[in-house]
Protein chains: 2
Amino acid sequence: MNALGDPTRRMIFERLRRGPKAVGELADGLPVSRPAVSQHLRVLKEAGLVSERRDGTRRVYRVEPDGLAGLRAYFDRFWDEALAAYAAAAQTEEEG
Amino acid sequence: MNALGDPTRRMIFERLRRGPKAVGELADGLPVSRPAVSQHLRVLKEAGLVSERRDGTRRVYRVEPDGLAGLRAYFDRFWDEALAAYAAAAQTEEEG
DNA sequence: CCACTTCGTAAGTTGCCACTTACGGTAAGT
DNA sequence: ACTTACCGTAAGTGGCAACTTACGAAGTGG
């Protein structure tokens with residue numbers, strides 16, 4: 001969650017959702033240098049949102065479904081609770 | 001999305017999902033001062049995640065369902081695309 | 001009218017983090 | 001062995017944002 005706070009990191013993550021990409025590929029078209037992308041990928045990796053596969057001298061990164069599922073679960077739970085609280089408040093107001 | 005990057009702001013938002021709360025209420029129990037909470041609430045408000053209602057000298061904040069729905073939609077779309085890309089990659093590998 | 005509560009904002013400071021450049025390491029080709 | 005491609009990391013810097021304190025505005029009650 002903290003990991004997706006940075007806009008650049010979100011761009012990287014969004015590019016990765018289309019499919020696996022190497023670091024250089026990701027850096028092309030992004031307004032930051034390749035090392036910067038590399039550092040962002042480390043953060044995303046530590047957050048469990050991406051994983052890495054070595055392919056020769058290249059490192060191919062891809063979205064990690066489990067990490068993404070965690071985020072989804074977080075928001076689903078949030079959604080449910082918020083909606084329940086909302087309904088409860090509306091009913092309380094109706095009764096009062 | 002940027003708005004939920006900060007941990008303190010997430011705490012505030014999570015407290016708000018249980019139901020509406022005033023600024024002072026939110027600040028109690030949080031490790032930051034009341035003005036800090038107020039500033040965070042402004043950010044959340046500009047992001048469309050919370051809304052404000054005046055009640056005497058108090059300002060009661062609550063989660064804005066539309067904003068929350070936007071986040072949910074973002075992740076749903078992300079989830080779908082990532083999964084589709086994943087399935088496509090798996091099939092390509094199977095064929096190859 | 002005055003005291004009290006609740007809050008937003010202004011101003012200033014500090015710490016962090018996103019970024020760059022420079023470097024070293026590993027794999028593949030010739 | 002040499003070169004080239006691709007990448008992670010170290011080191012250093014700048015800017016931003018999260019925080020504090022201080023203050024003023026708006027509402028309520030005696």
Side-chain angles (χ1 to χ4, degrees), chain A residues 1-64 67 71 74 89 93 96, chain B residues 1-64 67 71 74 89 93 96:
Chain A
M1 191 75 248
N2 254 325
L4 293 183
D6 180 71
T8 303
R9 220 140 49 207
R10 266 203 308 281
M11 291 184 198
I12 294 175
F13 196 53
E14 289 174 6
R15 287 190 175 215
L16 238 39
R17 91 182 146 186
R18 308 281 184 171
K21 286 203 190 312
V23 179
E25 282 183 88
L26 289 168
D28 288 342
L30 284 180
V32 296
S33 68
R34 183 194 52 76
V37 173
S38 202
Q39 290 163 11
H40 282 306
L41 284 169
R42 175 167 55 173
V43 175
L44 289 172
K45 185 180 177 182
E46 287 172 353
L49 292 175
V50 304
S51 63
E52 174 197 358
R53 187 189 76 222
R54 312 188 64 143
D55 175 33
T57 68
R58 311 198 322 163
R59 314 243 178 144
V60 180
Y61 283 83
R62 62 180 172 87
V63 171
E64 193 63 29
L71 282 180
Y74 175 80
E93 189 174 348
Chain B
M1 192 74 245
N2 254 325
L4 293 182
D6 181 71
T8 303
R9 220 142 47 208
R10 267 202 309 280
M11 290 184 198
I12 294 175
F13 197 52
E14 288 173 6
R15 287 192 173 214
L16 239 38
R17 90 181 147 186
R18 307 282 184 170
K21 286 203 189 313
V23 179
E25 282 184 88
L26 289 169
D28 288 342
L30 285 179
V32 296
S33 69
R34 183 194 51 76
V37 173
S38 203
Q39 291 163 10
H40 281 305
L41 284 169
R42 176 168 52 173
V43 175
L44 289 172
K45 185 179 177 183
E46 287 173 352
L49 291 174
V50 304
S51 65
E52 174 197 358
R53 188 188 75 222
R54 311 188 66 141
D55 176 32
T57 68
R58 312 198 322 163
R59 314 241 177 144
V60 180
Y61 284 82
R62 62 180 172 87
V63 171
E64 192 63 29
L71 282 180
Y74 175 79
E93 190 174 349

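Quick note on labels: first sequence line is chain A, next is B, and so on, each numbered from 1. As the structure is a prediction and not an experimental result, all values here were calculated from the model.
For Thr57(B), the listed nucleotide lying nearest its side chain is dT5(C); candidates were dT9(D), dT5(C), dA18(D). Of the candidates dC7(D), dG27(D), dC7(C), dC7(C) carries the atom nearest the Ala22(B) side chain, counting heavy atoms from C-beta on. Considering only side-chain atoms of Pro35(B), the nucleotide from dA18(D), dT20(D), dA18(C) that sits closest is dT20(D). Comparing dC7(C), dG8(D), dT20(D) by their nearest atom to the side chain of Val23(B) picks out dC7(C).
One interatomic measurement links the two molecules: CG of Asp55(A) to P of dA28(C), which rounds to 9 Å at whole-angstrom precision. Across the protein-nucleic acid pair, Arg53(B) atom CZ and dG27(D) atom P stand 16 Å apart, rounded to whole Å. Straight-line distance from the CD atom of Glu52(B) to the C1' atom of dG27(D): 14 Å, rounded to whole Å. What separates CZ of Arg58(B) from P of dG29(D) is a distance of 13 Å, to the nearest Å. Rounded to whole angstrom, the span from the CZ atom of Arg54(A) across to the P atom of dC6(D) amounts to 15 Å. When rounded to the nearest whole Å, the span between CG of Asp28(A) and C1' of dA5(D) equals 13 Å. If you measure from atom NZ of Lys21(A) to atom P of dC6(D), you get 15 Å, rounded to the nearest angstrom. The NE2 atom of His40(A) sits 13 Å away from the P atom of dG8(D) (whole-angstrom rounding).
Contact annotation: Ser38(A) reaches the phosphate of dG8(D) (side-chain N/O to OP1 or OP2, under 4.0 Å). Put simply, Ser33(B) has a side-chain N or O that comes within less than 4.0 Å of OP1 or OP2 on dT20(D). Remark: Thr8(A) is in phosphate contact with dC19(C), judged by side-chain N or O atoms under 4.0 Å from OP1 or OP2. OP1 and OP2 of dT6(C) both lie 4.0 Å or more from every side-chain N or O belonging to Tyr61(B).
Contact record, Arg15(A) with Leu30(A): NE-CD2, 4.0 Å, taken as the closest heavy-atom pair. The two residues Arg10(A) and Gly5(A) come nearest to each other via the heavy atoms NH1-O, 3.4 Å. In terms of heavy atoms, Ala3(B) sits closest to Leu49(B) at CB-CD1, 4.1 Å. Nearest approach of Leu41(B) to Val50(B), heavy atoms of both residues: O-CG2, 3.9 Å.
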Test side chain to side chain contact (heavy atoms under 4.5 Å, CB included) applied to Met1(A) and Met1(B), step by step: CA-CA 9 Å; Met1(A) 191 75 248; Met1(B) 192 74 245; 3.3 Å; yes
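Judged by distance alone, with hydrogens and angles left aside, Arg59(B) brings no side-chain donor or acceptor close enough to the base of dG27(D) to form a pair under 3.5 Å. For Glu25(B) against dT6(C), no side-chain N or O and base N or O form a donor-acceptor pair under 3.5 Å.
Nearest-nucleotide assignment on DNA chain D puts the 5′-proximal partner with Val37(B), out of Val37(B) and Arg34(B). Residue Gln39(A) is the one, among Gln39(A) and Arg9(B), whose nearest nucleotide of DNA chain D lies closer to the 5' end (criterion: closest heavy atom).
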